[in-house]
Every structure is written in C-alpha cells, then in structure tokens.
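For ligands, and for the atoms within them, numbers begin at 1 and follow the listed sequence. In what follows, every heavy atom counts, from backbone to side chain, and hydrogens, waters and symmetry copies are set aside.
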Amino acid sequence: MTRTVYVNGDYVPEAEAKISVFDRGFLMADGVYEVTSVLDGKLVDFDGHAKRLERSLTELDMASPVTIDELLEIHRELVRLNDLTEGGIYLQITRGAPVDRDFAFPDPAEVPSSLVLFTQSKNLANAPAATTGISVISIDDLRWARRDIKTVQLLYPSMGKMMAKKAGADDAWMVEDGVVTEGTSNNAYIVKGGKIITRQLSNDILHGITRAAVLRLAKEAQMEVEERGFTIAEAQEADEAFITSATTFVQPVVKIDGETVGEGKPGRIALRLREIYIDESRKKAI
Ligand code: PLP
C-alpha cells in the first residue's frame, strides 16, 4: 500500500508530495516537530503533544497554519487512510517558503507556514529492546541552549546515534558540565534504592511528554521520584537505568559506556513503569 501523507492542505501519495526548495525548514532548520504514537489505531497523549507544539511555535514566534482541532482531524484521517494500528505520526511545521533565501524571518501574512504530516508503522508495545534492554555510550552535549524547543535541528543527535553505532552501542546519553542532560532522542533516568532519578526540567532538555506521564504514574504508584542531574559514574552504579520517549515508551538501559548496570538485564521498576504506561496509554488514547 502506498503511504498517504499530508502536505499543506492535501492528502497525497508520498511520491507526489512536494515542498519548495526555498522552504526554511529545508534551508535553515527553521521548523518544529512532534511525534505522537499510535496504539490500537488511536493517538496517545495527543493533548500533551499539541500543547508542546503550541509552546515551541510561540517560543520561535512561528504561526500554525491550522488549529489544534484541525490537527487532530488530520492525525485521525492519516491513521484511517494508512490503516495504521501501531506506530507514530510525524508532524512538522516550518516558517514556510519565502521567494528567496534570507536570514530575516518572512512576514507571516505573506508567507504561510508549511505543514507536513506522515505516518510510520512500527511495533511499539512489543519492541524487542524492551525485553533485552539497550546499551548507551556517553558523549558531550554540543547542542544549542534551547533544547526545550522541539526544533528540526537534529544534526547533533544524529551524529550522536552514529557515534553510538560505531561504538557498538544502541544510543548515546549526552553530558554537560559532568552531568547527563538526556538521550539523543529520549529522556534519561536511573533508579537507586527504589528512587527514580531524572534531570529537572529547564531549557537544557526537551520536556518529554512521556516523561511527564511516567513521572505522574510513578508518583501515583507510590514510587519515589527525584528530579536532579546525575553523572555517568552514578548511573553505572545505579540499580537500574532507562529512557522514555513517545515511540520507545519506557525502555531499560543495561549498559553504560561498557559497564553493566545492576544485573545487566531490564530492571523491575523500568518494566513495571513500562507496563503501567502502556496500559494507561491504551485506555486514554483517542
Ligand atoms: N529528549 C529529546 C532530545 C527528544 O528528541 C525526545 C523525543 O524525540 C525526548 C526527549 C522524548 O520526548 P517525548 O517523550 O515527548 O517523545
């Protein structure tokens, strides 16, 4: 089946989708994005992703070409047209395509933002990495200082994934001033003595939608949560480690820079949180 994608008001076969070469997303990474996961053909935490999208747009003084209600309808229509039961929907808004390349922002009254969405089918709930756990390496965090905005400037995270791959690992945790910020495309956690530890929110990390849900569910399940930075050495000595993101949910980390974490297998708390998170997501998906 040919995938149907959404481009600036039209649902078209992916091979027919077109964006201008002058689009500022293409030329300047002047765009924001969201990835919403789909379980049982329904959207997980659409409201959370929509709110973060609005915040990203506001921070960059960028307009959305559609309302949140219209976005919800586009998401649902893409799920329907592509018969998607499990996977994700990628959404990108850029500052549109002015007549020429220019550093100054175009007038939004003259140049509308571009909107693109597409589906990706993927096994999420039964992903093999959830049972084996993943390995990570540590790398310097060389990104810009507004990581709270979900922009399409993903070159350094891509380089980080390649550094991990080259080192025979699955992903990288980024470190700044001796403390872990987050994973290349996920938030990072350790567990010590039953306490879940993850970096506090600030402009230094992306405010993960999955992070918010998982911390809320952990507290509801009477688990102790501490929001603070931690070092790689502390993580290597932790009982457990894990990551969260919209498409990985909660995924255990069993090796950090070649050192085994805990017993070297997915930890009890990470697996419990994964189960609770998936259960709740299935119940509340829309
Ligand atoms: N941190 C970074 C740098 C990310 O790119 C992502 C997701 O893409 C996350 C954290 C997790 O955010 P969410 O749970 O909203 O997917």
Open item on the list: Tell me if the aromatic rings of Tyr33 and Tyr90 count as close, with their centers under 6.0 Å from one another.
Closed with: yes

Output, or 'none' if empty, a list of ligand 1-protein atom pairs in which both atoms are N or O and the distance is under 3.5 Å, rounded to 0.1 Å.
residue  : atom   : partner : partner atom : Å
ligand 1 : 1 (N)  : Glu182  : OE1          : 2.6
ligand 1 : 8 (O)  : Lys150  : NZ           : 2.8
ligand 1 : 14 (O) : Ile209  : N            : 3.4
ligand 1 : 14 (O) : Thr210  : N            : 3.0
ligand 1 : 14 (O) : Thr210  : OG1          : 2.6
ligand 1 : 15 (O) : Arg52   : NH1          : 2.8
ligand 1 : 15 (O) : Arg52   : NH2          : 2.9
ligand 1 : 15 (O) : Ile209  : N            : 2.8
ligand 1 : 16 (O) : Ala246  : N            : 2.8

Open item on the list: Below 30° counts as parallel, above 60° as perpendicular, anything between as tilted: where do the rings of Phe242 and Tyr189 land?
Closed with: parallel

Open item on the list: Checking Glu224 now: which residues fulfil side chain to side chain donor-acceptor pair (under 3.5 Å) with it, not counting sequence neighbours?
Closed with: none

Open item on the list: Under 3.5 Å, is there a donor on one side chain and an acceptor on the other for Lys161 and Ser185?
Closed with: yes

Task: Atom pair CZ (Arg199) and CD (Glu176), whose distance is rounded to the nearest 0.5 Å - done: 6.5 Å

Open item on the list: Would you say Thr67 and Glu70 are linked by a side-chain donor-acceptor pair, where the criterion is simply a distance under 3.5 Å?
Closed with: yes

